[in-house]
Amino acid sequence: MIILLSNDDGYHADGLAALAAATSEFADIIIVAPDRNQSGASHSLTLDAPLRAEQISEKSYYVNGTPTDCVHLAITGLLDVEPDMVIAGINHGSNLGDDVLYSGTVAAAIEGRFLGLPAIAVSLCAEDPDHFATAAKAVCKLLGRLTLKPLSTDTILNVNVPDLPWEEVKGFAATRLGFRHRSESVVKTTDPKGQPIYWVGPAGHGQDAGTGTDFHAVEQGFVSVTPLQIDLTRHESMADLEEWVHF
Ligand code: MN
């Protein structure tokens with residue numbers, strides 16, 4: 001099995017190194033990751049500038065682009081082999097609820113959905129996380145499970161791991177996405193010339209964070225596993241809308 005690894009924290013990130021070390025016991029690993037921190041890049045592609053892939057070692061590259069650029073480039077021309085799956089992470093910080101819309105980590109996994117196996121995005125839930133070994137072990141357990149009992153290949157698994165030693169993790173939980181309260185306000189300040197500048201403020205706390213959600217599972221010490229799909233259509237609104245547009 002060939003696994004393509006990427007992330008949004010940049011090729012130098014500790015989370016990516018931990019993921020590579022653990023998964024290389026199962027599979028041939030190829031790393032294609034951004035040359036800098038691209039957290040919050042969402043699913044953007046670079047269309048107005050050329051991409052360059054710098055080879056760091058035999059199976060490791062960094063790219064002057066977004067996480068989506070990295071995976072797109074890797075599977076459409078950079079590599080001379082076709083990976084079987086993509087794993088993105090281990091993100092330094094959670095990707096819970098509406099975070100998945102902004103996350104470069106989740107986007108990198110989504111970009112790998114054309115490959116032969118489900119794609120996995122994995123995030124470690126703390127602002128400055130410590131237990132990368134726990135998240136790496138969780139991924140290895142899921143890989144073992146996928147080998148024994150495959151999931152549909154168009155599945156994207158969004159995995160969030162509590163920042164705890166492995167012995168304190170309660171197990172795995174299948175979850176749905178919760179959602180957050182509105183973000184906190186932007187932080188307004190001034191540049192050295194006195195002009196106003198703004199920093200995007202922190203994400204809101206969990207609003208829909210009850211039983212069954214990703215927020216709740218992580219809070220309770222479980223590894224949260226949420227199946228994602230790409231179809232954003234609100235199917236239950238179709239009948240109403242069908243009538244509404246015919247006026
Ligand atoms: Mn990140």
Side-chain angles (χ1 to χ4, degrees), residues 3-23 29-46 51 56 60-74 85-113 119-139 142 156-164 177-180 183-184 186-187 199-206 214-215 218 223-226 228:
I3 302 178
L4 173 64
L5 302 185
S6 192
N7 73 350
D8 74 359
D9 297 320
Y11 75 98
H12 54 271
D14 292 342
L16 179 60
L19 181 63
T23 50
I29 299 303
I30 304 173
I31 297 173
V32 184
D35 63 355
R36 72 200 81 165
N37 192 332
Q38 291 274 356
S39 295
S42 188
H43 216 110
S44 57
L45 270 179
T46 301
L51 296 173
I56 311 161
S60 180
Y61 302 80
Y62 65 79
V63 173
N64 60 332
T66 65
T68 303
D69 287 331
C70 291
V71 175
H72 190 84
L73 181 62
M85 71 182 302
V86 172
I87 306 178
I90 299 165
N91 190 55
H92 294 221
S94 58
N95 277 305
L96 299 165
D98 17 354
D99 296 344
V100 301
L101 294 176
Y102 302 96
S103 169
T105 309
V106 174
I110 289 174
E111 192 62 16
R113 72 189 182 279
I120 298 177
V122 56
S123 305
L124 188 53
C125 298
E127 219 159 272
D128 190 13
D130 292 317
H131 298 284
F132 289 106
T134 300
K137 189 160 181 174
V139 170
L142 292 173
I156 298 139
L157 297 179
N158 186 41
V159 178
N160 280 278
V161 181
D163 190 29
L164 298 170
L177 297 178
F179 62 85
R180 292 183 182 276
S183 301
E184 294 181 29
V186 291
V187 179
W199 288 100
V200 170
H205 293 292
D214 47 1
F215 287 96
V218 169
V223 175
S224 164
V225 184
T226 308
L228 302 181

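Remember, it's 1-based here, ligands and their atoms both numbered in the order they're listed.
Of all protein N/O/S atoms, those under 2.8 Å from the Mn ion (ligand 1) are Asp8 OD1, Asp9 OD1, Ser39 OG, Asn91 OD1, and waters are not counted.
Between the side chains of Asn7 and Thr105, no donor-acceptor pair is found at a separation under 3.5 Å.
For Arg180, the salt bridge (Lys or Arg N to Asp or Glu O under 4.0 Å) criterion is met by Asp99, not counting sequence neighbours.
Proximity of Leu164 to Thr134: side-chain heavy atoms (C-beta onward) are nowhere separated by under 4.5 Å.
The local environment of NE2 in His72 is sparse, with at most 12 non-hydrogen atoms from other residues, nucleotides or ligands closer than 6.0 Å.
Here His205 and Phe215 keep their ring centres 6.0 angstrom or further from each other.
Tested against Ile120, the residues Ile87, Ile3, Ile156 include a single side-chain contact (heavy atoms from CB on, under 4.5 Å) partner, Ile87.
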